[in-house]
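In what follows, a structure is listed as structure tokens, so that the remarks can point back to it.
Atoms within each ligand, like the ligands themselves, are counted from 1 in listed order. Because only heavy atoms are used, hydrogens play no part in the values below, and waters and symmetry mates are left out as well, while side chains stay in.
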Amino acid sequence: MSKIGIIQFAPKLGKVNENIQTINELIASKRRCDLYVLPELANSGYRFKNRDEAVLYSERTTNSPFLNALVAIAVAKEAYLVSGFCERSGDKLYNSSVLVGPEGLIGVYRKLHLFLDEKDIFETGDLGLPVFDTPLGKIGMQICFDWMFPETWRVLAMKGAQLIAHPANLVLSYCQGVVQSYAIINKFFIATANRTGKERDLKFTGQSVLVSPEGIVLKRGEEEENKLIKHEVDLSQALNKHITPRNHALNDRRSDVYGDLNLN
Ligand code: ACM
């Protein structure tokens, strides 16, 4: 069994130290989890005035105060963390998600589908759809508006992901319902960690959700509250892809009719 903790909070724009402090306080508010999932751009905040402001609040994956703080938590709690991360690489910016464990930075995913003005700030992701094998099970990542694209979820399922960690800064309210369907269709767990609060002209919708492979909402946050939302799950359930004894979510696909997905 694995204890999953969704950290729902309102990252402050450009205040990485305050964001680290809030994360530490929320983690300290409950007994340890095996995996913590944080919102999108949890180091930097979201609603940048322009690209220059985003550059100012971005970090590289080396010598990052935010990543160092996450690794310190991972070591102290013997846990894994997935978090949104405003990443600078060379002179490019990515809306990224990192997977961190006691051993350090394990992997990075860069958001494939940019939302609205993100298109003026970030490059589209160039690292594909990686799945990482951890002692808890296989973990894939999506970031916020990626939710709109069924192909990404399916590719992650076909690559064996048992849980999709989904950092989000949702401003629309469709996603929390849609992920229930994606969980059923792909027979995996989804942990959508959405932020709260208001930033400039944007209001975020909270209501983070942890969903089972049967599409059951195991936990759902409130719209406004900043909270560690915790629940224990058996990730091995996501290894069973049978819908009925004679129907399999992946093996019954008719790629001969509608083509196949790129699993590279
Ligand atoms: C979003 O992708 N942050 C809505």
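- Here ring-ring contact (aromatic ring centres under 6.0 Å, His included) pairs that include residues 191-243, with residues two or more places apart or in two chains, are Y46-F204, H242-H248.
- Sorted pairs that involve residues 1-33 and meet ring-ring contact (aromatic ring centres under 6.0 Å, His included), not counting sequence neighbours, are lacking altogether.
- Classified by interplanar angle (parallel below 30°, tilted 30° to 60°, perpendicular above 60°), the ring pair W147/Y174 is tilted.
- Note on K92 versus D126: no salt bridge recorded, every NZ/NE/NH1/NH2 to OD/OE distance being 4.0 Å or above.
- Ring pair F122/F48 is perpendicular by interplanar angle, where above 60° counts as perpendicular and below 30° as parallel.
- Pairs passing the salt bridge (Lys or Arg N to Asp or Glu O under 4.0 Å) check and including a residue from residues 27-41, sequence neighbours excluded, read R32-D34, E40-K111.
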Quick check for students: name every N or O atom pair between ligand 1 and the protein closer than 3.5 Å, with distances.
residue	atom	partner	partner atom	Å
ligand 1	2 (O)	K111	NZ	2.7
ligand 1	2 (O)	F145	N	3.1
ligand 1	3 (N)	E40	OE1	3.0
ligand 1	3 (N)	Y46	OH	3.4
ligand 1	3 (N)	E118	OE2	3.4
ligand 1	3 (N)	N169	O	3.3

